[in-house]
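Here's the structure, in structure tokens; my notes come after.
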Amino acid sequence: MVPADQGGGVMRADPLTEPVDGLDEVLTAVDAFDQALVAGLLRPQPGQAAALAGLAEAVAGTPLAARVAEAAEKTAAASAGEEHLTALAAARTALLGSVHDVLAARLQEATGRARSDETVFTPGGQKAVNLLAAARSWLVDLARAGWQGIDHDMVSASAQVVSAMLPDPSLRRLAALLDGFAAELAASCPGATLERVPVRRWADLWSRAMLLTLPGAADVPAAATVTGRLLPLGVDVHEHATAVQAQVHAVFEPADGSASRLVRAAVSVPKPDTVVGAGLWQLLRPHTSLLAAVGEGRSMHLADMPVTAEGDLLWEDGCARSGEPADAFATARVALPAAADPATAPLDRHPARIAVPVLLEGYTAQEEDGVLTFIVARHPLAVDTDRIPAAGPLTPEAVAASGACIGLLRWDAGTYRIQPLAVETTARKRNVTLHAGGWAGGTADKAGVRAEKAATAAVAVLRERAGRLLRK
């Protein structure tokens, strides 16, 4: 469905600019609680007690009301147990979940797409209750000490729990979260000397980890299988000093003729910090045939490929074969409007998780003070050029000169932003299409070739050193 007279391709812009009733009040309650965690909840001060009361008031009238009210009262009186801090984490998660839902509804209105009617996995029983209790105890100690009270001894106490969890696949999701969280905290110790605390991020990680320690919450989602055609839209690259992930967003057309849907497929690998830019593809490429298809602009035919209710393909190369050429912009114009958005699991309802593929056309690009904005049907839409990876031919300059854009619509810092995945633009008087994942299958670009050669050398040296250590 293409909205009439919007001047923005298959997306309306007006629902994204209208104020959301109650949004500021909810975020204010969450922010106040997050600030309370900075100083710690061992002996709350009056300001922290007010923040706890505000959190309880924000969920009044919900099934959580009585439990959170008791938790806020007990915590303010410095007599809270694990169950009370778990209730506070649940309240915070529920509030941000409500923000996610209203923002997602606005996006659905803007795109005109339906939402998948898939039933999201409901947690069941959970083994290793003792390990979950140990993880929860560590998280409670963190909350009581606060971010300003952390030290190396406190943070390192998680190591034994994480090591015990990692061999169990059902606990690996929580173990990875705890491991990464502890690493961030360790890099910031001692907390008393911190000049800047990532307040929202650490509160997000803490509350999510707290809920994942509840029996069944960290269970691996059940997967069905699908058969049909996969039409890639673009690649979102997530790079860390020691890891990199490429997440492919695509439209899936079932072979049985049922409704098409949006899906994702991701591959993650560890990396040395010396491998950057186009060299990342050298690490990622061997792990999935999908990246080669994306780089070549081809579809994929899937047969019994595992997929979760949230639309995440659990990629197996043996379930896929390369198909015919498939232009991403043709897919965006023809197939994307009819594809259903995936469902969202309860614990994944968070504004930071919003990443909706859209097509923009007919916009005007404006740049002021280094900030790029698309004017879509007379409405401004910020462009998040910081998310454009260096591992591809797409650049902020190309985005600014573009006439059409496939991107991920996100919500960040109180506003919607578009993260470009591909653009149609003009270069040297020729119409060209540039993709963030354009080098996924290989490149003849000079900069890309140099980066790949540097990566080859770096990886070879590291492998040789690792082999030497193993031989000792």
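Residues: numbered from 1 along the sequence shown.
Within the 4.5 Å cutoff, no side-chain heavy atoms of Leu178 are placed close to those of Leu212. Proximity of Pro254 to Thr227: side-chain heavy atoms (C-beta onward) are nowhere separated by under 4.5 Å. Contact check for Val235 versus Leu421: no side-chain heavy atoms found under the 4.5 Å cut-off. Residues Val244 and Ser268 have side chains not in contact (no heavy-atom distance under 4.5 Å, counting atoms from C-beta outward). When side chains are defined from C-beta on, Cys405 does not count as touching Leu359, because their heavy atoms never get closer than 4.5 Å. Between His84 and Thr86 there is no side-chain heavy-atom pair separated by less than 4.5 Å. In this structure, Ile354 and Leu409 have side chains that are not in contact, with every pair of non-hydrogen atoms separated by 4.5 Å or more. At a threshold of 4.5 Å between non-hydrogen side-chain atoms, the residues Leu132 and Leu214 do not count as touching.
Of the charged side-chain nitrogens involved, at least one lies within less than 4.0 Å of a carboxylate oxygen, so that Arg333 and Glu424 count as a salt-bridged pair. With respect to Glu324 and Arg229, a salt bridge is recorded, a charged nitrogen being found less than 4.0 Å from a carboxylate O. The residues Asp204 and Arg92 are annotated as salt-bridged, a charged nitrogen and a carboxylate oxygen being separated by less than 4.0 angstrom. Taking 4.0 Å as the cut-off between side-chain N and carboxylate O, Glu184 and Arg201 count as a salt-bridged pair. Between Asp348 and Arg173 there is a salt bridge, since a side-chain N of the basic residue sits under 4.0 Å from a carboxylate O of the acidic one. Here Asp236 does not pair with Arg264 in a salt bridge; the nearest charged N to carboxylate O distance is not below 4.0 Å.
Interatomic distance, Leu103 CG to Gln108 CD, rounded to the nearest 0.5 Å: 13.0 Å. Atom CG of residue Leu185 and atom CG of residue Leu142 lie 6.0 Å apart, to the nearest 0.5 angstrom. In this structure, the separation between CD1 on Ile406 and CG on Leu336 is 8.0 Å, given to the nearest 0.5 Å. Once rounded to the nearest 0.5 Å, the distance linking OG of Ser299 with CZ of Phe252 reads 12.0 Å. Note: Leu408 CG to Asp384 CG = 10.5 Å, rounded to the nearest 0.5 Å. Between Cys319 atom SG and Met305 atom CE the span is 5.0 Å, to the nearest 0.5 Å.
Using a distance-only test at 3.5 Å, with no hydrogens or angles considered, a donor-acceptor pair links the side chain of Glu310 to the main chain of Ala345. The closest donor-acceptor contact from the side chain of Thr308 to the backbone of Asp312 lies under 3.5 Å. A donor-acceptor distance shorter than 3.5 angstrom exists from the side chain of Arg106 to the backbone of Glu18, with no hydrogens or angles considered. Side chain of Trp138 to main chain of Ala159: no donor-acceptor pair is present (N/O by atom type, distance under 3.5 Å, no hydrogens or angles). A side-chain donor-acceptor contact under 3.5 Å links His350 to the backbone of Ala352. A distance-only check finds no donor-acceptor pair linking the side chain of His287 to the backbone of Leu284 [under 3.5 Å]. Put simply, the side chain of Arg115 gets close to the backbone of Pro342: a donor and an acceptor are under 3.5 Å apart. Put simply, the side chain of Ser402 gets close to the backbone of Val399: a donor and an acceptor are under 3.5 Å apart. Side-chain N or O atoms of Thr213 include one that pairs as donor or acceptor with a backbone N or O of Met210 at under 3.5 Å. The backbone N or O of Ala293 sits nowhere less than 3.5 Å from a side-chain atom of Arg298 that would complete a donor-acceptor pair.
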Full working for side-chain hydrogen bond (donor to acceptor under 3.5 Å, both in side chains) between Thr17 and Tyr416 | CA-CA 8 Å; Thr17 59; Tyr416 289 99; over 6 Å; no
Decide yes or no on side chain to side chain contact (heavy atoms under 4.5 Å, CB included) for Asp21 and Val102, but give the supporting numbers first.
-> CA-CA 10 Å; Asp21 292 338; Val102 71; over 6 Å; no
From CA spacing to verdict: side chain to side chain contact (heavy atoms under 4.5 Å, CB included), Gln245, Glu239 | CA-CA 6 Å; Gln245 180 189 72; Glu239 183 179 356; over 6 Å; no
Residue pair Val383, Thr373: steps toward the side chain to side chain contact (heavy atoms under 4.5 Å, CB included) verdict = CA-CA 5 Å; Val383 182; Thr373 302; 5.7 Å; no
Could you go through the side-chain hydrogen bond (donor to acceptor under 3.5 Å, both in side chains) check for Trp315 and Thr288 one step at a time?
-> CA-CA 8 Å; Trp315 194 265; Thr288 172; 3.0 Å; yes
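Nearest heavy-atom pair across Val155 and Ala182 is CG1-O, 3.3 Å. Between Leu64 and Ala91, the shortest heavy-atom contact is CD1-CA, 4.1 Å. The shortest non-hydrogen separation linking Ala335 to Val251 is CB-CG1, 4.1 Å. Closest of all the heavy-atom pairs between Ala250 and Pro232 is CB-CA, 3.7 Å. For the pair Glu316 and Pro306, the tightest heavy-atom approach, listed with the atom from each and the gap, is OE2-CG, 3.7 Å. Residues Leu283 and Pro270 come closest through the heavy atom pair CD1-O, 4.2 Å.
The environment of His238 atom NE2 is dense: over 12 non-hydrogen atoms of other residues, nucleotides or ligands sit within 6.0 angstrom. For Asp317, the CG atom is densely surrounded, since the number of other residues' heavy atoms within 6.0 Å is greater than 12. Under a cut-off of 6.0 angstrom, the local environment of CZ in Arg67 is sparse, with at most 12 non-hydrogen atoms contributed by other residues, nucleotides or ligands.
If you look at Trp202 and Trp147, their ring centroids are closer than 6.0 Å.
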